Student: 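Could you have a look at this structure, given as structure tokens, before my questions?
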Number of protein chains: 2
Amino acid sequence: MTTQSHIKSTARSLPIALLRARETVMSPIRDMLQSIHLTEQKWRVLRVLDELGEVEQSTIAHEACLLLPSVTRILRTMEAEGQISRRRDSDDKRRTMVTITNAGRSILTDNLAASLAITGNIEAQMGQEKLDQLLDLLEELQAVRT
Amino acid sequence: MTTQSHIKSTARSLPIALLRARETVMSPIRDMLQSIHLTEQKWRVLRVLDELGEVEQSTIAHEACLLLPSVTRILRTMEAEGQISRRRDSDDKRRTMVTITNAGRSILTDNLAASLAITGNIEAQMGQEKLDQLLDLLEELQAVRT
DNA sequence: TGTGAATAATAAACATGTTAACTAAATACG
DNA sequence: CGTATTTAGTTAACATGTTTATTATTCACA
């Protein structure tokens with residue numbers, strides 16, 4: 001028995017449970033990313049760009065769960081490193097359109113096997129069905145109006 | 001069609017899906033915390049201490065998904081603000097034992113109704129059964145060896 | 001069509017998180 | 001015993017994220 005104030009256990013607190021689960025999943029991924037000198041944030045940007053093609057910076061921010069000022073700084077270094085390219089949109093000159101370069105895409109493909117191994121390990125322990133179910137529920141949760 | 005490199009969509013990427021789902025859930029909670037001048041991290045520390053009673057700082061770090069240097073800094077200000085108290089363990093003088101104070105516990109109880117309302121809203125949209133299922137799956141995922 | 005509001009992005013100041021090095025205490029075990 | 005290793009916590013330097021203000025451009029609509 002503890003001194004608890006009749007509050008739901010942290011394991012049943014949705015934000016804490018999501019955070020802890022994410023830490024578990026990210027641990028081996030962080031190891032992989034560290035070995036290729038890529039931050040978690042840059043990796044998400046590459047994933048989003050690979051998926052969506054050419055998009056504006058606000059879209060990257062939204063999809064990769066980053067704030068726009070972070071995106072500005074991150075893209076500046078990613079452009080310098082040749083992983084992405086940027087151009088001013090001619091229709092709306094406020095917009096900067098961003099695309100992944102071949103070099104950027106190579107980073108993803110070069111590490112595809114390692115990524116699949118990490119996912120495979122989790123799938124082997126939880127079972128494919130449960131993992132799919134979890135991803136379905138997470139997608140549904142994302143769609144909730146808050 | 002996009003330029004995609006045969007990589008699973010980000011919505012089916014476990015770490016990205018967990019992050020996005022967490023952003024959805026945290027949005028109203030962040031509003032609540034901002035109104036009581038509490039950071040997300042301090043809120044997690046209070047939740048963990050309320051749940052576990054007196055624990056050492058490493059335990060807080062592990063349970064609240066924080067690094068030890070962050071815990072050091074966070075606890076220093078929380079002690080100054082009277083939300084927690086610390087004492088040197090007499091058996092093992094390396095350890096610092098931490099407890100939540102009544103003032104700290106009050107912060108949790110004072111905001112219990114608001115927290116329940118946020119959870120209630122999500123539950124109303126997803127259904128209790130699915131939410132329970134999601135929490136079960138998240139607990140299971142946390143237990144995976146990586 | 002012109003003027004106020006909204007939007008995209010950036011810059012600067014600040015807060016927070018992270019890494020590496022360090023201190024103090026405890027443990028392992030030769 | 002006593003010396004090497006491990007552990008708990010802190011500090012300091014650095015990297016990253018966050019907030020607020022600013023600029024440039026476009027949109028809304030009177």
Side-chain angles (χ1 to χ4, degrees), chain A residues 19-20 22-23 26-27 29-31 33-46 48-49 52 54-81 84-99, chain B residues 19-20 22-23 26-27 29-31 33-46 48-49 52 54-81 84-99:
Chain A
L19 186 58
R20 287 180 182 159
R22 187 161 194 280
E23 285 307 302
M26 281 310 298
S27 172
I29 294 176
R30 270 194 259 270
D31 295 343
L33 293 175
Q34 213 154 29
S35 75
I36 56 172
H37 303 103
L38 204 71
T39 64
E40 208 184 305
Q41 293 78 358
K42 287 179 183 175
W43 172 75
R44 290 207 302 275
V45 169
L46 289 178
V48 164
L49 287 174
L52 301 181
E54 185 173 55
V55 289
E56 57 189 295
Q57 299 189 170
S58 304
T59 304
I60 297 174
H62 182 256
E63 294 295 314
C65 296
L66 294 166
L67 295 178
L68 208 39
S70 298
V71 171
T72 295
R73 192 161 40 185
I74 287 169
L75 291 182
R76 186 159 45 217
T77 75
M78 291 181 78
E79 188 174 38
E81 287 163 6
I84 59 115
S85 68
R86 295 198 281 184
R87 64 171 188 84
R88 168 74 59 91
D89 182 35
S90 51
D91 290 345
D92 184 341
K93 286 169 186 163
R94 293 170 305 181
R95 286 184 164 79
T96 305
M97 304 304 290
V98 184
T99 41
Chain B
L19 186 58
R20 288 180 182 159
R22 186 161 194 279
E23 285 306 302
M26 280 310 298
S27 173
I29 294 176
R30 270 194 259 271
D31 295 343
L33 293 175
Q34 212 154 28
S35 75
I36 55 172
H37 303 102
L38 204 69
T39 64
E40 210 184 305
Q41 292 79 357
K42 288 179 183 175
W43 171 74
R44 290 206 302 274
V45 169
L46 289 177
V48 165
L49 287 174
L52 301 181
E54 186 173 55
V55 288
E56 56 189 296
Q57 298 190 170
S58 305
T59 304
I60 297 175
H62 182 256
E63 294 294 315
C65 297
L66 294 167
L67 295 179
L68 209 37
S70 298
V71 171
T72 295
R73 190 160 42 184
I74 287 169
L75 290 183
R76 186 160 46 220
T77 74
M78 291 181 78
E79 188 174 37
E81 288 164 5
I84 59 114
S85 68
R86 295 199 279 184
R87 64 171 188 83
R88 167 74 59 90
D89 182 35
S90 52
D91 289 345
D92 185 340
K93 286 170 185 162
R94 294 170 306 182
R95 286 185 165 78
T96 306
M97 304 304 290
V98 185
T99 42

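The chains referred to below are lettered A, B, ... by the order of the sequence lines, with proteins before strands, and numbering in each begins at 1. Nothing here was measured: the structure is a model prediction, and the numbers come from that model.
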Student: For nucleotides 5-8 of chain C, print each protein N/O atom paired with a nucleotide N/O atom at under 3.5 Å, atom names and distance only.
Tutor:
{"residue": "C:dT7", "atom": "O2", "partner": "A:Arg94", "partner atom": "NH1", "Å": "3.0"}

Student: D:dT10, OP1 or OP2 - any side-chain N/O from B:Thr72 closer than 4.0 Å?
Tutor: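 Yes.
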Student: Taking atom P of D:dC27 as reference, at what distance in whole Å does atom CG of A:Asp89 sit?
Tutor: 11 Å
Student: Quick one, A:Thr96 and A:Leu75 - any side-chain contact, counting heavy atoms below 4.5 Å?
Tutor: no
Student: Please report the distance, rounded to the nearest Å, between CZ in A:Arg88 and P in D:dT23.
Tutor: 16 Å
Student: Would you mind reading off the distance between B:Leu33 atom CG and D:dT18 atom P, rounded to a whole angstrom?
Tutor: 14 Å
Student: Please set out all donor-acceptor pairs under 3.5 angstrom arising from side-chain atoms of residues 58-65 of chain B, sequence neighbours excluded.
Tutor:
{"residue": "B:Glu63", "atom": "OE1", "partner": "A:Arg20", "partner atom": "NH2", "Å": "3.3"}

Student: Who are the salt bridge (Lys or Arg N to Asp or Glu O under 4.0 Å) partners of B:Arg87, not counting sequence neighbours?
Tutor: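 Residues passing salt bridge (Lys or Arg N to Asp or Glu O under 4.0 Å) with B:Arg87: B:Glu54.
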Student: For A:Asp91 and D:dT25, give me the distance from atom CG to atom C1', rounded to whole Å.
Tutor: 13 Å
Student: For A:Arg22 and B:Arg22: C-alpha separation, side-chain torsions, deciding distance, then whether side-chain contact (heavy atoms from CB on, under 4.5 Å) applies.
Tutor: CA-CA 10 Å; A:Arg22 187 161 194 280; B:Arg22 186 161 194 279; 5.9 Å; no
Student: Looking at residues at least two apart in the chain, or sitting in another chain, which of them share a side chain to side chain donor-acceptor pair (under 3.5 Å) with B:Ser85?
Tutor: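 If we apply the side chain to side chain donor-acceptor pair (under 3.5 Å) test to B:Ser85, skipping adjacent residues, the hits are B:Thr99.
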Student: Among all residues two or more places apart in sequence or in another chain, which pass the side-chain contact (heavy atoms from CB on, under 4.5 Å) test with A:Thr39?
Tutor: A:Gln41, A:Lys42
Student: Among all residues two or more places apart in sequence or in another chain, which pass the salt bridge (Lys or Arg N to Asp or Glu O under 4.0 Å) test with A:Arg76?
Tutor: none
Student: For the residue pair B:Val45 and B:Val98, establish whether any side-chain heavy-atom pair is separated by less than 4.5 Å.
Tutor: no
Student: What residues form a salt bridge (Lys or Arg N to Asp or Glu O under 4.0 Å) with A:Glu79, not counting sequence neighbours?
Tutor: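 So A:Glu79 forms a salt bridge (Lys or Arg N to Asp or Glu O under 4.0 Å) with A:Arg86.
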Student: By salt bridge (Lys or Arg N to Asp or Glu O under 4.0 Å), which residues pair with A:Arg94, not counting sequence neighbours?
Tutor: A:Asp92
Student: With A:Glu23, which residues qualify under side chain to side chain donor-acceptor pair (under 3.5 Å), at least two apart?
Tutor: A:Arg30
Student: Over its full length, what angle do the end axes of the helix from C:dT1-D:dA30 to C:dG30-D:dC1 make, each axis taken from five pairs and the result rounded to 10 degrees?
Tutor: 30°
Student: Could you write out each protein N or O paired with an N or O of nucleotides 13-20 of chain C at a distance under 3.5 Å?
Tutor:
{"residue": "C:dG17", "atom": "OP1", "partner": "B:Gln41", "partner atom": "NE2", "Å": "2.1"}
{"residue": "C:dG17", "atom": "N7", "partner": "B:Arg73", "partner atom": "NH2", "Å": "2.2"}
{"residue": "C:dG17", "atom": "O6", "partner": "B:Arg73", "partner atom": "NH1", "Å": "3.4"}

